[in-house]
S.K.: 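Starting off with a structure, shown below.
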Amino acid sequence: MRTGVEMAKVEDEELFAEIEKYVTKLDKDAQIFTKQISIFSKSTKASADATQEMAKSFSGLSENTYPNTDLGAAGRLAAMMNNVAKGMLGISSTLEEKNSAETNQVEAVIQDFANDVTSVKLALRRRKEKLYRLTTKLNRITKVGEKLDRMKEATVNADAIAIQAQEGTLVEAREEANAAQVEFEIVSGRVIREFDWYRNVVDLKLRKIVNCFCAVQKEYNAKLDEGWGRVLASADVKVDAKVASC
């Protein structure tokens, strides 16, 4: 659609200006949601990978003990390291599951919301295209009419046939403008009806995003807390408090 053209004035333009302002804000928020959940899930994936690597290191430490004669202490340390490694592998697995849920569940509901916003944006764009078409048709009436007036004012050597042809062009321009007006009103009416429905959709899907995101975090963070609790229990640290505390 061309720009720089002053659009024809229509009665509901203020309403549509408010709708467009509202949808533009929704679109920005949808983009933020999409970007941030992607960062969130990548962070979870990175944590899963890092935890797995640390588990491997702890597992390796279980086979690397001090060269001393206290085999009992060395064996207990090795067993503890091995248990810690197993626990952390479980935590890594939970983080992988959390990452999958963030990707397949949370990202999906956010994308669904973003798709709805895009649909409304396209509907508003179609309306603008129809308004632009109506504007060009109305401008054509003005131009044809002005030319006809000039032809009629030129009484000397006036060409009756040319004037008649121009009058026919004016009738044609008015018919096209009327058709464009009907198309524009149909599209505008459809957008208003759909937007009344869309407001309820926004309410429902924003609630769904909050519910899905929070539910995933609550479920898997609880599992992670349990996992870390088991790791701490398996460590069974019995050394100086200054060393044991982190």
S.K.: Are any non-hydrogen side-chain atoms of Phe40 and Lys98 less than 4.5 angstrom apart?
M.R.: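 Yes, their side chains come closer than 4.5 Å.
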S.K.: Do Val120 and Leu15 share a hydrophobic cluster, counting only Ile, Leu, Val, Met, Phe, Trp and Tyr and linking them when any side-chain heavy atoms are less than 4.5 Å apart?
M.R.: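 Same hydrophobic cluster.
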S.K.: Would you check if Val144 and Arg140 make a side-chain contact, meaning some heavy-atom pair closer than 4.5 Å?
M.R.: yes
S.K.: Say you draw a straight line from CG of Asp29 to OG1 of Thr24; how long is it, rounded to the nearest 0.5 Å?
M.R.: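 Spacing of CG (Asp29) from OG1 (Thr24) equals 11.0 Å.
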S.K.: Is a donor on one side and an acceptor on the other found under 3.5 Å between the side chain of Asn83 and the backbone of Ala79?
M.R.: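 Side chain of Asn83 to backbone of Ala79, a donor-acceptor pair under 3.5 Å: yes, one is there.
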S.K.: Could you give me the CA-CA distance, side-chain angles and deciding distance for Lys21 and Glu18, then say whether salt bridge (Lys or Arg N to Asp or Glu O under 4.0 Å) is met?
M.R.: CA-CA 5 Å; Lys21 180 180 178 181; Glu18 288 299 316; 5.0 Å; no
S.K.: Minimum heavy-atom separation for Ala177 to Leu138, with atom names?
M.R.: CB-CD2, 4.1 Å
S.K.: In terms of side-chain heavy atoms, does Glu96 have a donor or acceptor partner in Gln52 at a distance below 3.5 Å?
M.R.: no
S.K.: Once you round to the nearest 0.5 Å, how far does CD1 of Ile37 lie from CD of Gln105?
M.R.: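 Atom-to-atom, Ile37:CD1 and Gln105:CD are 10.5 Å apart.
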S.K.: Is there a path of hydrophobic side-chain contacts, each under 4.5 Å between heavy atoms of I, L, V, M, F, W or Y residues, that connects Val191 with Trp197?
M.R.: yes
S.K.: Are more than 12 heavy atoms, taken from residues, nucleotides or ligands other than Ile161, located less than 6.0 Å from that residue's CD1 atom?
M.R.: no
S.K.: Is there a side-chain contact between Leu224 and Asn221, using heavy atoms and a 4.5 Å cut-off?
M.R.: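 Yes, their side chains come closer than 4.5 Å.
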S.K.: Could you report the tightest heavy-atom contact between Thr103 and Ser41, atom names first, then the distance?
M.R.: OG1-CB, 3.9 Å
S.K.: Calculate, to the nearest 0.5 Å, the distance between atoms CD and CD belonging to Glu167 and Glu172 respectively.
M.R.: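 Reported value, rounded in 0.5 Å steps: 14.0 Å.
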S.K.: Thinking salt bridges, do Glu13 and Lys9 make one under a 4.0 Å N-O criterion?
M.R.: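 No.
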S.K.: How long is the gap from CG on Leu204 to CZ on Arg199, to the nearest 0.5 Å?
M.R.: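 If we round to the nearest 0.5 Å, Leu204:CG and Arg199:CZ are 15.5 Å apart.
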S.K.: If two hydrophobic side chains count as joined below 4.5 Å and joins carry through other members, does Met54 share a cluster with Leu89?
M.R.: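 They do not share one cluster, since no chain of ILVMFWY contacts under 4.5 Å joins Met54 to Leu89.
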S.K.: For residues 205-214, run the donor-acceptor check on the side chains, cut-off 3.5 Å, and write out each pair with its distance to 0.1 Å, sequence neighbours left out.
M.R.:
unit_1: Lys205; atom_1: NZ; unit_2: Asp112; atom_2: OD1; d: 3.4
unit_1: Lys205; atom_1: NZ; unit_2: Asp112; atom_2: OD2; d: 2.8
unit_1: Lys205; atom_1: NZ; unit_2: Asp116; atom_2: OD2; d: 2.5
unit_1: Arg207; atom_1: NE; unit_2: Asp203; atom_2: OD1; d: 2.9

S.K.: Measuring only between side-chain heavy atoms, which start at C-beta, is Thr94 closer than 4.5 Å to Glu226?
M.R.: no
S.K.: Does Thr34 offer a backbone N or O that forms a donor-acceptor pair with the side chain of Ser38 under 3.5 Å?
M.R.: no
S.K.: So, Glu107 versus Gln111: side-chain donor-acceptor pair below 3.5 Å or not?
M.R.: no
S.K.: Can you tell if the side chain of Val109 reaches within under 4.5 Å of the side chain of Phe113, non-hydrogen atoms only?
M.R.: no
S.K.: Look at the side-chain heavy atoms of Ile, Leu, Val, Met, Phe, Trp and Tyr, link any pair under 4.5 Å apart, and say whether Ile32 and Val106 land in one connected group.
M.R.: no
S.K.: Hey, does the Lys NZ or Arg CZ of Arg133 hover above the aromatic six-ring of Phe184, less than 6.0 Å from the centre and inside 45° of the axis?
M.R.: no
S.K.: Can you name the closest pair of heavy atoms from Arg126 and Val187 and give their distance?
M.R.: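 So the two residues come closest at C-CG1, 4.3 Å.
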S.K.: Could you tell me which non-hydrogen atom of Ala48 sits nearest to which non-hydrogen atom of Ser92, and how far apart they are?
M.R.: O-OG, 2.8 Å
S.K.: To the nearest 0.5 Å, tell me how far Leu95 CG sits from Ser100 OG.
M.R.: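 One finds 12.5 Å between CG of Leu95 and OG of Ser100.
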S.K.: Ignoring hydrogens, what is the shortest heavy-atom contact between Asp12 and Arg127? Give both atom names and the distance.
M.R.: OD1-NH2, 3.2 Å
S.K.: I'd like to know if Glu146 and Lys143 make a salt bridge, using a cut-off of under 4.0 Å between side-chain N and carboxylate O.
M.R.: no
S.K.: According to a hydrophobic-cluster definition based on side-chain heavy atoms being under 4.5 Å apart (Ile, Leu, Val, Met, Phe, Trp, Tyr only), do Val202 and Ile192 belong together?
M.R.: yes
S.K.: Given side chains that start at C-beta, do those of Lys42 and Ile39 come closer than 4.5 Å, heavy atoms only?
M.R.: no
S.K.: Looking at side-chain heavy atoms only, is the closest gap between Glu20 and Lys121 below 4.5 Å?
M.R.: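 Not touching, per the 4.5 Å side-chain cut-off.
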S.K.: Is a side-chain N or O of Ser47 found less than 3.5 angstrom from the main chain of Ser43, in a donor-acceptor match?
M.R.: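 It does hold such a pair.
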S.K.: Evaluate the side-chain contact (heavy atoms from CB on, under 4.5 Å) criterion for residues Ser93 and Glu97: first the C-alpha distance (whole Å), next the side-chain angles of each, then the deciding distance (0.1 Å), finally the verdict.
M.R.: CA-CA 6 Å; Ser93 178; Glu97 293 175 6; 4.1 Å; yes
S.K.: Taking all non-hydrogen atoms of both residues into account, name the closest pair between Phe16 and Ser188 and its distance.
M.R.: CZ-O, 3.6 Å
S.K.: Which distance, rounded to the nearest 0.5 Å, do you find between the CG of Asp149 and the CD1 of Ile163?
M.R.: 10.5 Å
S.K.: Please state whether the rings of Phe195 and Tyr22 are parallel, tilted or perpendicular, taking 30° and 60° as the class boundaries.
M.R.: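 Answer is perpendicular, since the angle exceeds 60°.
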